[in-house]
Amino acid sequence: MVSRRGAERIRAGHVWVYRSDVIKAEEVPPGAVVTVQEAGGRGRPPHSRTLGSAFYSTASEIAIRMISPKPTDNVHQLVRERVRSAIAYRERFVDDTNAYRVVYSEGDFLPGLIADRYNDVLSFQVLTQAMDLPEMRETLVAELRRAFDPAILVERVDARVRQLEQLPEKENKVVFLDARRRGGAPISPPSDVAAPGAPARQLEGSALSTEFSMNGIRFLFDPLAGQKTGAFLDQRENYAAAAGYARGEALDVFSYQGGFALHLARVSSKVTGVDSSRPALEAAEQNAKLNGREIEWIEANAFDLLRDYSDAGRHYDTIVLDPPAFAKSRRDAPAALRAYKELNLRALKMLRPGGILVTCSCSYQVSASDLLEAVMSASVDSHRNLRLLENRGQSKDHPSVPGIPETAYLKCLILLTS
Ligand code: SAH
């Protein structure tokens, strides 16, 4: 039973109801499928109105995540259909890659589930009590294996989310590994609860790694290493767009494993990638070798390096800024905006006339207009005119749903300096 405010949120197209809007949920077990009703009375119809069915969490502030406007009698069938429809969407809208997000949680009407494909490796992540239930895991694993027949299936764990959902601690692990990757050893029985110490876990990371491609560029992927789920698939279309404008000398700041740098290398005379993480740059160099490119990698704090380089009067024709999320909550937004402005100001000072600035933000709390404002203010301070060539978001394999603003988080502006 939810309050009027909760019900209105659902009627406006959102799928979340916060705990403060739940009026009654007695003895609902963790992760259960519930029928959601709007409480009646007080100037409203005396009888409660059914809003649909949802996954319930006993722990999260987001108590309810709607899965259907109708009551659901077979949630496993519904989930299987949603996974299939997510896959059909990718077949229709994803090109030039064998690495993409297969399931994007609320963006695919499967709240609490993320799945990514990297060539023959599938990785998934469970973010809610409902998706963590053993029977649900079985359904998901069976459906993903049926659809992709992956050589390797791994589960990636977000420890913080599991804690928030009061789920038992877990580690990243291989759920399934088939004979193609075990040198002909017998296939292990499909199980998503492989006991610790099972053969699959003892393999070296390199035995699990694979190679994928996007936009004709090759990348190595180690399913149990790397941050997030390994590579930044959400930027795939922005890499190609940036390469469409880039030229001359290019600087890729917050380079990680070289996503932008490798794309820029195709069209630029010289590319430098900057990141504070040595392991990320080592992976980036391996990717560069794989593509026969020479890229200069610098391990540094981006803020220090940009200040030093701009003070020293260095110049570039293309600069990419793709920092980590500075604002994790609304409270951090003002500090985040100052950081965005600082980075963009330094970059603008170093761009030659006719140069290209590609500037990104993956903080949901910072909107596209906030980012534009930070960039504009940097352009005023640096006395540089700017023209907006493209105002972009995340790739289409991370679909955003109009009623759920949280599904759209990535901003990528491409600007021309004069
Ligand atoms: N552009 C990358 C993704 C960047 S993710 C891609 O397309 O793949 C953010 C990166 O910023 C991470 O690799 C992290 O190591 C790096 N980072 C975080 N803080 C930093 C800092 N202060 N200076 C330099 N790099 C930083």
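Just follow the structure's listing: the first ligand is 1, and inside any ligand the first atom is 1. Just so we're clear, the structure is a prediction, and the values are computed from it rather than from any experiment.
At a 4.0 Å cut-off, at least one heavy atom of Ala300 sits close enough to ligand 1 to count as contact.
The closest heavy-atom contact to atom 21 (C) of ligand 1, among the options Tyr256, Phe254, Phe303, comes from Phe254. The closest heavy-atom contact to atom 9 (C) of ligand 1, among the options Cys362, Ser276, Pro324, Ala339, comes from Pro324.
Side-chain atoms of Arg90 come within 3.5 Å of backbone N or O of Asp397 as a donor-acceptor pair.
Note on ring orientation: taking the six-membered ring where Trp is involved, the planes of Trp16 and Tyr18 are perpendicular (angle over 60°, cut-offs 30° and 60°).
Checked against Phe232 for a ring-ring contact (aromatic ring centres under 6.0 Å, His included), the options Tyr256, Phe254, Phe260 give a single hit: Tyr256.
Checking only distances, Asp322 does come within under 3.5 Å of ligand 1, N or O to N or O.
The cationic atom of Arg117 (NZ for Lys, CZ for Arg) does not lie both less than 6.0 Å from the six-membered ring centre of Phe148 and within 45° of the ring axis.
A 4.5 Å side-chain heavy-atom check between Glu165 and Thr128 finds at least one atom pair inside the cut-off.
Near Ala302, with a cut-off below 4.0 Å to any heavy atom, the atoms of ligand 1 are 21 (C), 23 (N), 24 (C). Every atom of ligand 1 with a heavy atom of Tyr239 under 4.0 Å away is listed here by number and element: 6 (C), 7 (O), 8 (O). When each atom of ligand 1 is checked for a heavy atom of Ser255 under 4.0 Å away, the hits are 2 (C).
Lys270 NZ: more than 12 foreign heavy atoms inside a 6.0 Å radius.
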